[in-house]
Amino acid sequence: MDIPVEHREATTGERGSPTLIEARRISKVYSVGEQTVRALDDVSLTIALGEFVAIMGPSGSGKSTMMNLIGALDVPSTGTMELDRRNIAEMSSDALANLRNRTIGFVFQQFNLLPRTTALRQVMLPLMYAIPKPHDAEERARRCLQQVGLADRMDHYPRQLSGGQQQRVAIARALVNSPKLLLADEPTGALDSKTSEEIMALFCQLNAEGITVVVVTHEHDVAEYAKRRVQFRDGNIVEDLQQPGYLGRAAE
Amino acid sequence: MSIVDSLRIALTALRANMLRSILTTLGIIIGVGSVIVMVAVGSGARSEVDRQIASLGSNMLVVFPGASRVGGRSGGAGSRLPLSERDMQAIREKTTGVVAVSGMLQGSGPVVRGNMNWSTNFVGVHDQYNVVRDWPVINGREFTPNETRTAARVALLGTTVVEKLFGTSEPVGQTIRVKNVPFQVVGVLESKGQNSFGRDQDDVVMLPMSAARGRIVGRSQVINDSVGTIYVKFAPDVSLTEAQEQMESLLRQRRRIKAGSEDDFNVRNLSEFLRARASALTTMGWLLGATSAISLIVGGIGIMNIMLVSVTERTREIGLRMAVGGRRRDILLQFLVEAVALCMLGGVIGVIIGVSAAAVVAMSAQWPILIAPDAILMALAAAALTGIVFGFFPARRAAHLNPIDALRSE
């Protein structure tokens, strides 16, 4: 089901592309027992289609909270958070699920693959939840696995795959429903440095093909690949830089 | 997500914990198994009782000599004035709706053919006995009224006696000796199998009443024209209750029993007696039914328990499914389908065990094996319902997990 989109002039990011993510003065407050914790404090952030953004910060800086909001897994306490020009605070739980299904592809630190499920079926998973369910689900899953370089691993189970291969399966799963945003949470946290480089190169390549990439990380090496770097500390953005010398250039 | 996809996921999950899955369904297995046994034993017993009623003879009353009183110092049946040919005659003439009447005297002893010898039961009967008891002759002929009257030396044999004395050779026309008196075999009776007390009804030699009275049962036991027990068959539309009252007042009058004193005879409806036994079996069936209901509830709690464990174990998986677009109803359906699949697994095992147990019971009780397909469907439906009822709470819990917490859980 589709939520009617409020029609207005599209706001644009700094490079003239339409806005994908727009956070306006958002705060997120958790109550832990008697105390309240302000994880995000009056933060505004705009990310345009086609950007490659690294969100950085030490633990407790609010970057994970920001990631949950960008991923439509959570809603802000105050302020407005718009994804693909829809205010997530006004959406039902089903509509949010649908938005995550169509607009966002998630990649996690621990891969989060299902045990006892072949790579092909892992990748088909988001299509199982799509409404309507596409008739060419298997064909699309095969194409995505080819895209991440696992054409010969379609019928392998997670335990038969290396860490890097598992993460590639996860990336194929994130891509299968042609999302606008690839949202990665510490995607290289469980990988060695060489494999990390391969995965980041894959992100750069995907970004070059047009998909918006947001990577949440605390590793500077990883952030080097992004075109833009947003630094969080104590629930605020303390730095928001374009990186002209980003490593991803090589892939373009 | 479609039911088929949910079922595929459920089966994968169940296969991953095969032993646990089967142990969990033990309660369901017992519940479903006992439903099957209950229904099979119940209907088997009922059909057996119907068969016994049919083997007694339909729409029939039996008059026993002696008092009906059970306790006290009442004499045994036949200890007082026996039932006579004239009593029988009166019943035939003065009771409405009588189709056939026959007396029956009983005795036992050896029957000899050549060098073959077999200890059997003798019954002395009138010519209408075969009609009254719905007990046809399958080979040869019945007694004629004249043979009954003249104490003719003729006999009808039950199939057991035929087998013991003649094996496979033709018995009709042959001669047997009963207490040294030769009798000619004129017919073989249809097999009736065991009666309700487990006695072989085919182990019998039937003789004409007058021949039996004088020669077989022994003069000392037989006062004048005693006919032993009187069997009366009524037309199908006759009410046995009314017929019983009519016969009782007729016999009281004939035997000059004063108002207020006890009858010295006893009219019984044996079908009623068998039906009472059938209803006792039905009660046992209900007890078994209660047992299966309790096992299904206990089994359901086991299912709920293991589903809660499963939800906890797979919290991250649930979080992932939510992140890639699974709605709450998708998660709910997935766990509900898993619970139902688990119960159906137990249901199928229960059906197999129940059917085997019912077959064993039926064989040992020599009942027909009656396993109704609708009983199996009912049992499986009960298992599925158990899955839905007890799977709902764990499934709901899974569906209402917070995706962020679920993704972060270890």
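Here is the naming used below: chain letters follow the sequence lines, and residue numbers restart at 1 for every chain.
Checked for salt-bridge contact, A/Asp74 and A/Lys28 meet the test: a charged N lies under 4.0 Å from a carboxylate O. Using a 4.0 Å cut-off between charged side-chain N and carboxylate O, A/Glu22 and A/Arg85 make no salt bridge.
Only the side chain of B/Arg8 comes within less than 4.5 Å of a heavy atom in chain A; its backbone stays farther off. Both the backbone and the side chain of A/Leu73 have a heavy atom closer than 4.5 Å to some heavy atom of chain B. There is no contact between A/Gln109 and chain B, counting heavy-atom distances below 4.5 Å.
The side-chain hydrogen bond (donor to acceptor under 3.5 Å, both in side chains) test with A/Arg142 singles out one residue from A/Glu139, A/Gln146, A/Glu138, and that residue is A/Glu138.
A/Leu45 has its side chain out of reach of A/Ile21: every pair of non-hydrogen atoms, C-beta onward, lies at least 4.5 Å apart.
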